[in-house]
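Here is the structure we will look at.
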Amino acid sequence: MTSPLPSGWTLSASAFNLTPELIRAETTAPQLALSLVERDVADTVEVELGQLWRGFPAPGERDTTAFRDALDGAGGRVSIVGGSIDDWASATRRRTDDERFDFLRPQLVAAAAIGADGVRLPIGQAGPALLRRLVPVLEDLDLVLFEEAQGQQAPGRPETDAAISDIADIDSPHVRLLLDISMLMPSLPHGYLDRLAAAGVSSDLVRRLREEWREPATLAAVLDELRGGRVPGQVQTLFMNLLIRFGRSNIGDLTSVLPLLSGVHLKFWDLDDTDGQVSGPIRDLGAALRTTGFTGTLCSEWGGHEWLDDDPWDITRRHLALARAALTYPA
(Lines give C-alpha, C1' and ligand atoms only; values in the text may rest on other atoms or scores of the structure.)
Protein backbone atom coordinates (compact mmCIF):
# COMPACT_ATOMS: atom_id res chain seq x y z
CA MET A 1 0.00 0.00 0.00
CA THR A 2 1.36 3.42 -0.98
CA SER A 3 2.11 5.69 1.97
CA PRO A 4 0.44 9.11 1.96
CA LEU A 5 2.39 12.24 1.25
CA PRO A 6 3.03 14.56 4.20
CA SER A 7 0.21 16.97 4.96
CA GLY A 8 0.36 20.05 2.74
CA TRP A 9 2.29 18.34 -0.07
CA THR A 10 0.51 18.17 -3.44
CA LEU A 11 1.65 16.24 -6.50
CA SER A 12 0.77 17.94 -9.75
CA ALA A 13 1.48 17.58 -13.47
CA SER A 14 2.60 20.27 -15.88
CA ALA A 15 0.76 20.95 -19.12
CA PHE A 16 4.24 21.71 -20.51
CA ASN A 17 4.60 17.93 -20.72
CA LEU A 18 2.08 18.00 -23.57
CA THR A 19 4.08 20.44 -25.70
CA PRO A 20 4.51 17.89 -28.54
CA GLU A 21 0.72 17.61 -28.75
CA LEU A 22 0.38 21.38 -28.68
CA ILE A 23 2.79 21.65 -31.62
CA ARG A 24 0.63 19.20 -33.58
CA ALA A 25 -2.22 21.72 -33.14
CA GLU A 26 -4.92 19.06 -33.23
CA THR A 27 -6.25 20.11 -29.81
CA THR A 28 -6.33 23.51 -28.16
CA ALA A 29 -3.99 24.28 -25.28
CA PRO A 30 -6.81 24.59 -22.70
CA GLN A 31 -8.21 21.23 -23.81
CA LEU A 32 -4.79 19.62 -23.51
CA ALA A 33 -4.31 20.98 -19.99
CA LEU A 34 -7.77 19.70 -19.08
CA SER A 35 -6.91 16.28 -20.49
CA LEU A 36 -4.43 15.68 -17.67
CA VAL A 37 -7.39 15.69 -15.29
CA GLU A 38 -9.84 13.93 -17.58
CA ARG A 39 -7.38 11.07 -18.19
CA ASP A 40 -6.72 10.72 -14.46
CA VAL A 41 -3.08 11.67 -14.75
CA ALA A 42 -3.40 14.30 -12.00
CA ASP A 43 -6.12 16.37 -10.39
CA THR A 44 -3.82 19.37 -9.96
CA VAL A 45 -2.14 20.89 -13.00
CA GLU A 46 0.43 23.54 -13.74
CA VAL A 47 -0.14 25.58 -16.89
CA GLU A 48 1.85 27.98 -19.06
CA LEU A 49 -0.09 31.18 -19.61
CA GLY A 50 1.73 31.93 -22.84
CA GLN A 51 0.57 28.58 -24.25
CA LEU A 52 -3.05 28.76 -23.16
CA TRP A 53 -4.45 31.77 -24.99
CA ARG A 54 -3.49 34.07 -27.84
CA GLY A 55 -4.57 37.00 -25.66
CA PHE A 56 -1.39 36.67 -23.58
CA PRO A 57 -0.41 38.53 -21.44
CA ALA A 58 -4.01 39.64 -20.85
CA PRO A 59 -6.45 36.83 -21.71
CA GLY A 60 -10.11 37.74 -21.68
CA GLU A 61 -12.47 36.99 -18.80
CA ARG A 62 -14.50 34.71 -21.05
CA ASP A 63 -11.48 32.46 -21.65
CA THR A 64 -10.39 32.29 -18.01
CA THR A 65 -13.92 31.63 -16.76
CA ALA A 66 -14.52 28.87 -19.31
CA PHE A 67 -11.25 27.17 -18.39
CA ARG A 68 -11.89 27.34 -14.66
CA ASP A 69 -15.45 26.03 -15.11
CA ALA A 70 -14.18 23.12 -17.21
CA LEU A 71 -11.52 22.26 -14.63
CA ASP A 72 -14.05 22.47 -11.79
CA GLY A 73 -16.38 20.19 -13.70
CA ALA A 74 -13.64 17.61 -14.17
CA GLY A 75 -12.61 17.77 -10.51
CA GLY A 76 -9.33 19.54 -11.19
CA ARG A 77 -7.56 22.72 -10.22
CA VAL A 78 -4.51 24.81 -11.13
CA SER A 79 -1.50 25.00 -8.86
CA ILE A 80 0.97 27.37 -10.52
CA VAL A 81 0.81 29.42 -13.71
CA GLY A 82 3.98 29.92 -15.70
CA GLY A 83 4.29 33.61 -16.51
CA SER A 84 6.92 35.83 -18.05
CA ILE A 85 8.10 39.39 -18.41
CA ASP A 86 8.87 40.47 -21.94
CA ASP A 87 11.63 42.91 -21.10
CA TRP A 88 11.85 44.36 -24.60
CA ALA A 89 9.17 46.54 -26.20
CA SER A 90 11.03 46.30 -29.52
CA ALA A 91 14.36 45.10 -30.81
CA THR A 92 15.99 48.28 -29.60
CA ARG A 93 13.95 49.52 -26.63
CA ARG A 94 13.86 47.92 -23.22
CA ARG A 95 10.59 48.24 -21.30
CA THR A 96 10.51 50.70 -18.43
CA ASP A 97 9.79 49.49 -14.90
CA ASP A 98 6.20 50.72 -15.24
CA GLU A 99 5.79 48.83 -18.51
CA ARG A 100 7.20 45.66 -16.97
CA PHE A 101 4.71 45.97 -14.11
CA ASP A 102 1.87 46.55 -16.58
CA PHE A 103 2.96 43.50 -18.60
CA LEU A 104 2.92 41.21 -15.57
CA ARG A 105 -0.13 42.46 -13.69
CA PRO A 106 -2.75 41.04 -16.12
CA GLN A 107 -1.02 37.67 -15.87
CA LEU A 108 -1.54 37.75 -12.11
CA VAL A 109 -5.21 38.67 -12.61
CA ALA A 110 -5.63 35.79 -15.07
CA ALA A 111 -3.94 33.36 -12.67
CA ALA A 112 -6.31 34.38 -9.88
CA ALA A 113 -9.27 34.05 -12.25
CA ILE A 114 -8.48 30.41 -13.00
CA GLY A 115 -8.00 29.64 -9.31
CA ALA A 116 -4.22 29.25 -9.28
CA ASP A 117 -2.09 29.41 -6.15
CA GLY A 118 0.54 31.52 -7.83
CA VAL A 119 2.59 32.61 -10.82
CA ARG A 120 6.10 31.43 -11.65
CA LEU A 121 8.91 33.56 -13.09
CA PRO A 122 12.57 32.79 -13.82
CA ILE A 123 14.66 33.63 -10.79
CA GLY A 124 15.96 37.19 -10.79
CA GLN A 125 13.98 38.32 -13.83
CA ALA A 126 11.67 40.64 -11.93
CA GLY A 127 14.36 42.22 -9.77
CA PRO A 128 13.93 43.46 -6.19
CA ALA A 129 12.16 46.75 -6.98
CA LEU A 130 9.43 45.10 -9.07
CA LEU A 131 9.04 42.27 -6.55
CA ARG A 132 8.40 44.76 -3.76
CA ARG A 133 5.97 46.70 -5.92
CA LEU A 134 4.05 43.50 -6.67
CA VAL A 135 3.57 42.41 -3.05
CA PRO A 136 0.37 44.46 -2.47
CA VAL A 137 -1.08 43.13 -5.73
CA LEU A 138 -0.22 39.57 -4.75
CA GLU A 139 -1.80 40.10 -1.33
CA ASP A 140 -4.97 41.50 -2.91
CA LEU A 141 -5.25 38.58 -5.35
CA ASP A 142 -4.14 36.00 -2.74
CA LEU A 143 -1.35 34.74 -5.00
CA VAL A 144 2.24 33.67 -4.53
CA LEU A 145 4.94 34.80 -6.94
CA PHE A 146 7.44 31.96 -7.32
CA GLU A 147 10.97 32.63 -8.51
CA GLU A 148 12.25 29.47 -10.18
CA ALA A 149 15.86 28.32 -10.10
CA GLN A 150 16.84 25.36 -12.23
CA GLY A 151 19.72 23.52 -13.84
CA GLN A 152 22.97 25.32 -13.12
CA GLN A 153 21.29 28.22 -11.25
CA ALA A 154 22.14 26.63 -7.92
CA PRO A 155 23.05 28.58 -4.78
CA GLY A 156 26.65 29.69 -4.97
CA ARG A 157 26.26 31.54 -8.26
CA PRO A 158 26.33 35.30 -7.59
CA GLU A 159 23.19 36.07 -9.59
CA THR A 160 21.26 33.25 -7.92
CA ASP A 161 22.42 34.24 -4.45
CA ALA A 162 21.42 37.86 -5.09
CA ALA A 163 17.90 36.85 -6.13
CA ILE A 164 17.53 34.49 -3.16
CA SER A 165 18.66 37.29 -0.86
CA ASP A 166 15.95 39.52 -2.33
CA ILE A 167 13.30 36.89 -1.54
CA ALA A 168 14.58 36.57 2.02
CA ASP A 169 14.70 40.35 2.50
CA ILE A 170 11.14 40.85 1.26
CA ASP A 171 10.12 38.18 3.79
CA SER A 172 6.58 37.73 2.48
CA PRO A 173 4.57 34.50 2.11
CA HIS A 174 3.57 35.93 -1.27
CA VAL A 175 7.11 35.83 -2.70
CA ARG A 176 8.72 32.43 -2.54
CA LEU A 177 11.33 30.20 -4.14
CA LEU A 178 10.69 27.28 -6.49
CA LEU A 179 13.47 24.79 -7.16
CA ASP A 180 13.73 22.51 -10.16
CA ILE A 181 15.50 19.25 -9.35
CA SER A 182 17.33 19.48 -12.65
CA MET A 183 19.89 21.00 -10.26
CA LEU A 184 20.41 17.59 -8.71
CA MET A 185 21.50 15.35 -11.57
CA PRO A 186 23.93 12.64 -10.43
CA SER A 187 24.31 11.56 -14.05
CA LEU A 188 22.93 12.39 -17.47
CA PRO A 189 20.05 10.65 -19.26
CA HIS A 190 21.30 7.71 -21.29
CA GLY A 191 18.98 8.50 -24.18
CA TYR A 192 20.32 12.04 -24.35
CA LEU A 193 23.92 10.83 -24.46
CA ASP A 194 23.03 8.27 -27.12
CA ARG A 195 21.57 11.07 -29.24
CA LEU A 196 24.78 13.12 -28.92
CA ALA A 197 26.89 10.10 -29.81
CA ALA A 198 24.75 9.23 -32.83
CA ALA A 199 25.11 12.80 -34.11
CA GLY A 200 28.91 12.57 -34.02
CA VAL A 201 29.86 14.29 -30.77
CA SER A 202 33.36 13.24 -29.72
CA SER A 203 33.36 9.74 -28.24
CA ASP A 204 35.79 10.84 -25.54
CA LEU A 205 33.52 13.69 -24.49
CA VAL A 206 30.47 11.43 -24.47
CA ARG A 207 32.40 8.98 -22.26
CA ARG A 208 33.31 11.77 -19.86
CA LEU A 209 29.71 12.99 -19.79
CA ARG A 210 28.56 9.46 -19.05
CA GLU A 211 31.11 8.66 -16.36
CA GLU A 212 32.29 12.01 -14.93
CA TRP A 213 29.37 14.43 -15.26
CA ARG A 214 29.95 16.24 -11.98
CA GLU A 215 33.69 16.69 -12.43
CA PRO A 216 34.69 20.33 -13.08
CA ALA A 217 37.02 19.20 -15.84
CA THR A 218 34.06 17.74 -17.72
CA LEU A 219 32.32 21.11 -17.88
CA ALA A 220 35.56 22.65 -19.15
CA ALA A 221 35.67 20.00 -21.88
CA VAL A 222 32.10 20.86 -22.86
CA LEU A 223 33.06 24.52 -23.24
CA ASP A 224 36.15 23.60 -25.27
CA GLU A 225 34.04 21.52 -27.66
CA LEU A 226 31.58 24.37 -28.12
CA ARG A 227 34.19 27.09 -28.57
CA GLY A 228 36.11 24.89 -30.96
CA GLY A 229 33.10 24.63 -33.26
CA ARG A 230 33.11 20.85 -33.03
CA VAL A 231 29.47 20.36 -32.01
CA PRO A 232 27.43 18.90 -34.91
CA GLY A 233 24.82 21.37 -36.09
CA GLN A 234 21.86 19.02 -35.64
CA VAL A 235 22.45 18.75 -31.89
CA GLN A 236 23.72 22.22 -31.02
CA THR A 237 20.49 23.11 -29.22
CA LEU A 238 20.52 19.82 -27.29
CA PHE A 239 24.19 20.34 -26.48
CA MET A 240 23.41 23.65 -24.75
CA ASN A 241 21.47 21.72 -22.10
CA LEU A 242 24.86 20.78 -20.69
CA LEU A 243 25.49 24.43 -19.83
CA ILE A 244 22.00 25.51 -18.80
CA ARG A 245 19.38 22.87 -18.00
CA PHE A 246 21.47 20.06 -16.50
CA GLY A 247 22.70 20.76 -12.98
CA ARG A 248 25.63 19.32 -11.05
CA SER A 249 24.72 20.09 -7.43
CA ASN A 250 24.15 17.90 -4.39
CA ILE A 251 21.27 18.17 -1.93
CA GLY A 252 23.64 19.65 0.64
CA ASP A 253 24.16 22.66 -1.63
CA LEU A 254 20.48 23.57 -1.20
CA THR A 255 20.13 23.29 2.57
CA SER A 256 20.30 27.01 3.28
CA VAL A 257 17.49 27.93 0.86
CA LEU A 258 14.96 25.20 1.67
CA PRO A 259 13.08 27.35 4.23
CA LEU A 260 12.23 29.78 1.39
CA LEU A 261 10.76 27.01 -0.74
CA SER A 262 7.06 26.59 -1.56
CA GLY A 263 7.29 24.80 -4.90
CA VAL A 264 9.32 22.09 -6.60
CA HIS A 265 9.59 21.02 -10.21
CA LEU A 266 10.28 17.31 -10.34
CA LYS A 267 11.99 17.66 -13.71
CA PHE A 268 12.62 14.38 -15.50
CA TRP A 269 13.94 13.50 -18.92
CA ASP A 270 13.11 9.80 -19.19
CA LEU A 271 12.24 7.00 -16.77
CA ASP A 272 15.50 5.06 -16.92
CA ASP A 273 16.14 4.85 -13.17
CA THR A 274 19.46 3.03 -13.39
CA ASP A 275 21.34 3.67 -10.12
CA GLY A 276 18.48 5.86 -8.93
CA GLN A 277 19.09 8.45 -11.62
CA VAL A 278 15.45 9.60 -11.51
CA SER A 279 14.26 8.56 -8.05
CA GLY A 280 17.41 9.40 -6.08
CA PRO A 281 17.21 13.22 -6.32
CA ILE A 282 13.47 13.10 -5.54
CA ARG A 283 14.08 10.95 -2.49
CA ASP A 284 16.93 13.17 -1.27
CA LEU A 285 14.94 16.37 -1.67
CA GLY A 286 11.84 14.84 -0.11
CA ALA A 287 13.82 13.83 2.96
CA ALA A 288 15.28 17.33 3.24
CA LEU A 289 11.88 18.99 2.86
CA ARG A 290 10.46 16.95 5.72
CA THR A 291 12.86 18.73 8.06
CA THR A 292 11.77 22.25 7.01
CA GLY A 293 7.99 22.04 7.34
CA PHE A 294 7.57 22.41 3.58
CA THR A 295 4.09 22.86 2.16
CA GLY A 296 3.38 23.36 -1.53
CA THR A 297 3.29 21.60 -4.87
CA LEU A 298 5.73 19.14 -6.37
CA CYS A 299 5.12 19.13 -10.09
CA SER A 300 6.03 16.48 -12.66
CA GLU A 301 7.68 18.31 -15.55
CA TRP A 302 8.99 16.37 -18.56
CA GLY A 303 11.93 17.87 -20.40
CA GLY A 304 12.83 14.87 -22.55
CA HIS A 305 10.35 15.46 -25.35
CA GLU A 306 13.17 17.31 -27.12
CA TRP A 307 14.67 13.95 -28.05
CA LEU A 308 12.04 11.34 -27.11
CA ASP A 309 8.73 10.47 -28.71
CA ASP A 310 6.97 8.86 -25.74
CA ASP A 311 3.26 9.26 -25.05
CA PRO A 312 3.23 12.35 -22.78
CA TRP A 313 0.20 11.28 -20.72
CA ASP A 314 1.60 7.81 -20.09
CA ILE A 315 5.12 8.93 -19.20
CA THR A 316 3.75 11.63 -16.88
CA ARG A 317 1.46 9.15 -15.14
CA ARG A 318 4.35 6.71 -14.63
CA HIS A 319 6.65 9.47 -13.42
CA LEU A 320 4.11 10.59 -10.84
CA ALA A 321 3.89 7.03 -9.53
CA LEU A 322 7.68 6.85 -9.29
CA ALA A 323 7.82 10.26 -7.62
CA ARG A 324 5.17 9.35 -5.04
CA ALA A 325 7.08 6.21 -4.12
CA ALA A 326 10.35 8.17 -3.81
CA LEU A 327 8.77 10.95 -1.74
CA THR A 328 7.20 8.52 0.73
CA TYR A 329 10.27 6.28 1.07
CA PRO A 330 10.93 4.93 3.67
CA ALA A 331 7.75 6.21 5.38
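Side-chain atoms are counted along with the backbone in the values below, which use heavy atoms only and exclude waters and symmetry mates. The model shown is predicted, which means the values in this text are computed figures rather than measured ones.
Defined by atom type and a distance below 3.5 Å, a donor-acceptor pair is present between the side-chain atoms of T274 and D272. Side chains of T96 and D98: no donor on one and acceptor on the other come within 3.5 Å. A donor-acceptor contact closer than 3.5 angstrom links the side chains of S187 and Q277.
Using a 4.0 Å cut-off between charged nitrogen and carboxylate oxygen, D314 and R39 do not count as a salt-bridge pair. Salt bridge present: E306 and R245 bring a charged side-chain N and a carboxylate O closer than 4.0 Å. By the 4.0 Å N-to-carboxylate-O rule, D224 lies too far from R230 to be salt-bridged with it. E61 has no carboxylate O lying under 4.0 Å from a charged side-chain N of R68, or vice versa, which leaves the two without a salt bridge. Salt-bridge annotation for R93 and E99: present, with a side-chain N of the basic residue lying under 4.0 Å from a carboxylate O of the acidic one.
Residues satisfying the side-chain hydrogen bond (donor to acceptor under 3.5 Å, both in side chains) test with S203, not counting sequence neighbours, are none. Listed by chain and residue number, D194 satisfy the side-chain hydrogen bond (donor to acceptor under 3.5 Å, both in side chains) test with R210 (two or more places apart in sequence, or in another chain).
Between L209 and L196, the shortest heavy-atom distance links the atoms CD1-CD1, 4.2 Å.
Enclosure of atom CZ in R62 is not indicated, since only 12 or fewer non-hydrogen atoms of other residues, nucleotides or ligands lie within 6.0 angstrom. Counting non-hydrogen atoms of other residues, nucleotides and ligands closer than 6.0 Å to CG of D309 gives a total of 12 or fewer. Taking a 6.0 Å sphere around CZ of R105, one finds it holds 12 or fewer heavy atoms contributed by other residues, nucleotides or ligands.
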Review point. For E46 and S12, what are the C-alpha separation, side-chain angles and deciding distance, and is it a side chain to side chain donor-acceptor pair (under 3.5 Å)?
Key: CA-CA 7 Å; E46 188 167 312; S12 63; 4.7 Å; no
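Applying salt bridge (Lys or Arg N to Asp or Glu O under 4.0 Å) to R77 and the options D43, D72, D117 leaves one that passes, D117. Just one residue in the list V81, L134, L49 forms a side-chain contact (heavy atoms from CB on, under 4.5 Å) with L108, and that residue is L134.
Without hydrogens or angle criteria, D69 side chain to A66 main chain gives no donor-acceptor distance under 3.5 Å.
Ring orientation note: the planes of W307 and W269 are close to parallel, at an angle under 30° on the 30°/60° scale. Between H319 and F268, the angle of the ring planes stays under 30°, which puts this pair in the parallel group of the 30/60° scheme.
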